[in-house]
Each structure stands twice: as C-alpha cells, then as structure tokens.
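See below for the structure under consideration.
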Amino acid sequence: MPILYLAEIALYQNGAVETLRLATGPYRTAPDDPALPDIEFLPLIVSPPGFSAHAFGSGRTGGRSTTGAGEIVLNNADRFFDRYAGAGWDGRPFRLYRGPAAGRFDEFNLIFAGTAEQAEWRDLHLHLFLRDRQAEFEVPIQRETYAGSNSGSAGNEGTADDIKGRPKLLCYGLCHNVPLAPLNTAALRYGAHDGSIFSVDELYDRGAPLSKVTGTPAAGQYRENVTEGYVTLGGNPAGTITAKISGERLENLFLWSEQFMNPAWTKDPGVTVENDVILGPNGGPTAERIDIPAEEGAGFRQSVSVTSGQPYTFSLYLRSVVGSVTLSIGIEATTEQEITLDEIWRRFTLTETVTGSTVSPGLFSLGNAAAIYAWGAQIELGEVAKNGIVTGGTAHPPSYTAQPADMLRTIAVTRSELVDFLDLDHASFQSLNEATAGLGLGLFIDREMSIAEAFDLICESIGGFWYFTRDGRLAVKRLEAPTGNPVAVFDRSVAANPRRLTTNDAGRGLPNHRVVLGWRRNWLVQQGDQLAGSVPAERRAFLSEEYRTVAAADPSVRVAHPLSEELRRMTLLEDSADAAAEADRLLALHGVRRDLIEFELPVAAYFEAGAPWLGDEIAYRDECFLDYAAGRALILLGVEEEYEADRITLQAWG
C-alpha cells in the first residue's frame, strides 16, 4: 500500500500563529474525522525530513544528551511559500505523520514532534530545518538577573557595585557551602534561591557557624525566609556568607487532590461529580466529570490553612466535556480570574498573596451551566506551579526535590514552557524514581547555564540521559545493561550492513578497570585566611576540597585489556553510600565486554517492528556475524532516519 507523509507546520504571520498542512501526495481527511474533519493537506512535500537522534551523541555511552536535527524540502515552483518570506518559523511546533495513502487520519502514526529552526529559499524549493524539542532547552535556565536597584534597606536586587546583572541564584536538592548573594547589605539580607525553598539548614560566616532563630536575629544569628529563599543576619558579616541549603520547595496543601467526590471538597447545591470517567493527564482513568449549574458563584472548593501575607499558587487540570466553557478560579473570593476551557487538557494556575490564615481555592460558575473534566488540584507556597503532587487523606508536607527524576521534572516545569504531565512522559520519570529511590543530588547554579546543561549535570551523575519521545514528550532513562527482554528482534531477513564499532568514549569502548566518582560537592572552596580561626580542622578539610571521591576497581580487567582506562566522573551525588553503589554499578556495566553495533533497515521493516526509540532494548541475531547466532541483547542509543533513501540506521550497545 502506498505510504504518505503528512506535516503540520506552525508559523507566525501577521500577528497570529498559522498552521500549514502539507503532504507528499494528494490527501484530504474524511468529513467525519473527529480531529480534523474535511481538511486538505497540500501535496507540496518534495522529500520528508531525514532525522537523527542519539542518547549521548553518536558512538557514545555517556556525557551530554544531544539534540536531533532534520530537514524537509518543500515545492515552491508556484511561489506558494513566498507569502511567508517574513514569517517566524523558529521555535514553532512541527509534526510529521506516516500512514497509508488511502487511510483515515487516525490511521497515521505521529513519527516526529519537534520544532522548526529556520527556512531557506533555494530557487524552486523551500528547505525547512528542524530540531527535536531538546532545542527548547538550549536557553538560559535563569533569565532573571539582579537589577542593582536597592535604595538603602529597601529592595533585594543588590546594587551596581555588587551583584547587578548577575543571574539570580538557583538551588535544587541538598547543597553544601553555597555562597549566598548579597541581596541587600544594608538590611543584612543574603539570597540562596530565586523562589521558595525548604530550609536554610546551616549558615556560616567565614566558615564559622551562625545560629538559626525564628524571631529578630542578634549578632551571630540568622532568620530564614523560605518563601523568597533568603536569610537575614543579626550583625555585619566578617567575610563570605555560605550556607547548607535544602532547595526548591515542593508541597500540596490539598487533601484528595484528584478525588473531588470526597467531602474534603465543598460542593454547592446542584454541583455533581462522577468519579474516574476518563483518562487524566497522568494517563490513568482518574479524571472526574463535574457538572456545575448556571447559578453564578456555584462551584466547588476546599479550605486550607495558609500564612497571611505570603504568595500561594493554585493549579488545576481542566478540560470541557464538549465545546468551549468559561468559568472562574480563585484562591480568595475577591480576586477570582476568568478562564476558558476547551476539549484539550490544560493546567490552569493562579497566584495570589493571601490576606487571611485560611483560604478556599476552587472553581466557580460565571452564570452559565458547565460540564467539565477535572484532575490534579494543587495549592502551594510560592509564585510558581511546580511538580503535580497527588494527595489522599493527608496533605503532602513541605519537602525539597533531591531525587534525580523529581529534580529534572521541577526544572522542566518551572524553567521551560513544558507543562507537568501534559508534556512529560510521566511513566519514564516514575521508572527513574523507582530505580534511584532514596538517592539524593544537589545542584547550585550561580552562573549562566542552559536548561540542557543543567539536565546533563543531573543525568551524568546517575549514568542517565534525557530525550523527547516521538510524540514530543520529555523522557528520562538511566543506561542499564540489557535484560534479555527486547521489544524487537532483527536479523538479516531485514537488516543490512551490520558492523561492530569502537565507541567515541575515552578508551574507545575497552572495558574500564576502575571507576572513580566525586560526591558531595563543596560549592565554594575556602582555605587559609578565608576562614575564621575558630573553624575546626575537620571542617577546614571539607572546605578545602571541591569533591570527596569513591572508587570501585577490578584489576583483572587489565590482564585482558592492558590499555583499559579509568572511568572518572564528578557528580552531584550527596551521599557516600549512594556514590559507592553507583561506582559499583558503573563498573559492572562498563567493566565487561560491550559491543556497539550499527545496522540498517528498510523504513517499512522498522515501523512494522514498532519503531523502537532511544533507550529501548532490542536484539540482533546473525549466524554470520561474530557470536550473534543466538542473538545479542542491546540498548538502542541512536536512530538515523532517511525516508527518501528508505533507510533507518540503528546504533545499539550492550
């Protein structure tokens, strides 16, 4: 059956976003298509985009995750695309589908969801360059800088003489000896994080400890402000102020956050709730239908205790049952905000500085009846909606994000345009959480850094990688040895040109005889007269080194491989036992023979096998290739797709 490729290309033109729908041949959706009824895709694709994606970079089993790139060629012989010469293509969604020419639109598979980068006009063709969504993370993780606008004791933005223009500090997990920013030296305020934190556990002046108090601090004391992530000293410091910080705060003060039938949620007369009727944003049948009458102000709410004068953020996942619905959300009744729902899940958020000790966030009618689906309500201290947290009969108490998957998720949700659950492959985050249960990291950022760079630091600490799925969802995995349960098996009946390659890692893929990992990073090395005379020797020893290290070794590896190299990584791991366990795991993973295999498949054979993607386990079986007669289990680390050449090249390791 002939195969078509369909493309949906968004661009910015004349003050609005427009979507072009193009195809490799004539195609129109069916009149009764539920998603796109009777829509024509113009046959202007000359060649569908080739595309490449690698977990770590071609031929690598560690290091930076790499973005994929591609290019689509469009027919401009009739000058159709000239009208878009001034349009903005970059950063706009691009979606590519593959399916039968005579098929309905819902029979087409989404095979790539990414973003356009730039367009080139070449005589009769338009070439549109593409990136996967990792390109969205090649932006600063912190776009806010200190304004240097203080006036005396007013303001927390520093002055032109100290921190003006510097990126505002960020702190995730448990971080040791973090150098604080002088937010306002006149008022003795020093900052650790741009946002709410769990706590400032310890504070030091030239390495000498200060005491934490809850009231007005005196000399030698400090008071923390967890809402805004800073401390106030009780006296002028003698030198550099550093701290042990439990960083970015997570919490959900609601009870039964996805069970709106529960009595914890107050429903006005006429409001009805039907339990677990459709799939929620988490992928499970956990979303509830709620019908709200036309009476203005009717709705549902839950009362929670808060701290007066502090900002809180209320968030809720909503969609309409049919069509468009307008409602209002509010934390306090005097400041409700109008929102419009459609048939797509969205996370609606509202931030308010509360005036009382109790508030009742909820959803309310504006005078029209509404039938909606709802899921995942959350109320938390601070000005940002963070990781969605499901609660039952108890609220989720304040905590901080230290587990790798949670830390990645927090950064994605608060520092990019991604929406928790809706833009994340939640199953992969949950799997990584389970694989690294109890393991904690600490990441402090006081310089210019991209989101991608922060992700790489976190992932490399646990031997993991991050990527986007074919449908454009952020996913994370840890590189593990194959288990022998492949999702697809290939042999010479479909595979061609098998080759075993050396890797591009240090040592070119030879087994490692030793693994050395750095742990518990000291974020400011201090020595000699940088420290007060009262600082004890043990503390001085800690502050003089950036990392502590652990090692795992197998001397027998060098008997077979005299050129074997040491695998050395400085990590964000917090605990020595965790670091030792990770060193042992990496030695078991990289201290034995591992093959990097590359082979080619026809496009049809690849998709018939389920189109395995990065991190999937596959197997290659070949009686004529090395010792692969029984099949070798491998982890897929690279995919290169060339649709015009009818070739998919897989690169796998194991």
Could you check whether [Y] and [X], counting side-chain N and O atoms only, form a donor-acceptor pair closer than 3.5 Å?
X      : Y      : answer
Asn433 : Gln403 : yes
Asn150 : Thr159 : no
Thr115 : Arg131 : no
Tyr204 : Glu202 : yes
Asp446 : Trp523 : no
Glu136 : Ser416 : no
Asp505 : Thr61  : yes
Glu574 : His176 : yes
Asn512 : Glu566 : no
Ser360 : Ser303 : yes
Thr410 : Asp406 : no
Gln142 : Glu144 : no
Asn522 : Glu545 : no

Using a 6.0 Å cut-off, check whether atom [atom1] of [X] has over 12 heavy atoms from anything other than its own residue.
X      : atom1 : result
Glu453 : CD    : yes
Glu434 : CD    : yes
Glu448 : CD    : no
Lys164 : NZ    : no

Please check if the side chain of [X] supplies one atom and the backbone of [Y] the other of a donor-acceptor pair under 3.5 Å.
X      : Y      : result
Ser564 : His513 : yes
Asn252 : His396 : no
Ser428 : Asp425 : yes

Quick check, are the ring centers of [X] and [Y] under 6.0 angstrom apart?
X      : Y      : value
Trp345 : Tyr317 : no
Tyr312 : Phe314 : no
Tyr230 : Tyr190 : no

Between the side chains of [Y] and [X], is the shortest nitrogen-to-carboxylate-oxygen separation below 4.0 Å, so that they form an ion pair?
X      : Y      : result
Glu480 : Arg585 : yes
Glu251 : Arg249 : yes
Asp423 : Arg473 : no

To the nearest 0.5 Å, how far apart are [atom1] in [X] and [atom2] in [Y]?
X      : Y      : atom1 : atom2 : result
Ser149 : Asn156 : OG    : CG    : 9.5 Å
Met570 : Arg568 : CE    : CZ    : 4.5 Å
Phe429 : Lys477 : CZ    : NZ    : 12.5 Å
Leu457 : Met407 : CG    : CE    : 11.0 Å
Tyr222 : Asp205 : OH    : CG    : 13.0 Å
Ile379 : Ile389 : CD1   : CD1   : 12.5 Å

Open item on the list: Given Ile331, which partner from the list Val304, Val359, Thr351, Thr313 fulfils the side-chain contact (heavy atoms from CB on, under 4.5 Å) test?
Closed with: Val359
Which heavy atom of [X] sits nearest a heavy atom of [Y], and at what distance?
X      : Y      : answer
Tyr547 : Arg521 : OH-CD, 3.4 Å
Phe455 : Leu474 : CE2-CD2, 3.8 Å
Ala243 : Leu180 : CB-CD2, 4.0 Å
Ser246 : Leu174 : OG-CD1, 3.5 Å
Arg206 : Gly239 : CG-CA, 3.4 Å

Student check: side-chain heavy atoms of [X] and [Y] closer than 4.5 Å:
X      : Y      : result
Val226 : Leu381 : yes
Glu336 : Leu350 : no
Lys212 : Arg223 : no
Asp201 : Ile245 : no

Task: Verdict with reasoning, His193 to Phe444, per ring pair (Phe, Tyr, Trp, His ring centres under 6.0 Å) - done: CA-CA 9 Å; His193 178 70; Phe444 172 65; 9.6 Å; no
TODO: Report the relative orientation of the aromatic rings in Phe468 and Phe137; use parallel for angles under 30°, tilted for 30 to 60°, perpendicular for over 60°.
DONE: perpendicular
- [ ] Walk me through it: do Phe421 and Trp375 pass the test ring pair (Phe, Tyr, Trp, His ring centres under 6.0 Å)?
- [x] CA-CA 11 Å; Phe421 289 104; Trp375 184 86; 5.0 Å; yes
Open item on the list: Go through it in stages, so that I can follow the logic: the residues are Arg478 and Glu582, the test is salt bridge (charged side-chain N to carboxylate O under 4.0 Å, His left out), and I'd like the CA-CA distance, side-chain angles, deciding distance and then a yes or no.
Closed with: CA-CA 11 Å; Arg478 187 165 71 167; Glu582 178 63 7; 3.6 Å; yes
TODO: Let me see the working for His426 and Gln430 under side-chain contact (heavy atoms from CB on, under 4.5 Å), right down to the final yes or no.
DONE: CA-CA 6 Å; His426 184 66; Gln430 183 62 31; 4.3 Å; yes
- [ ] Please say which of Lys244, Gln526, Arg520 ends up in a side-chain hydrogen bond (donor to acceptor under 3.5 Å, both in side chains) with Asn177.
- [x] Gln526
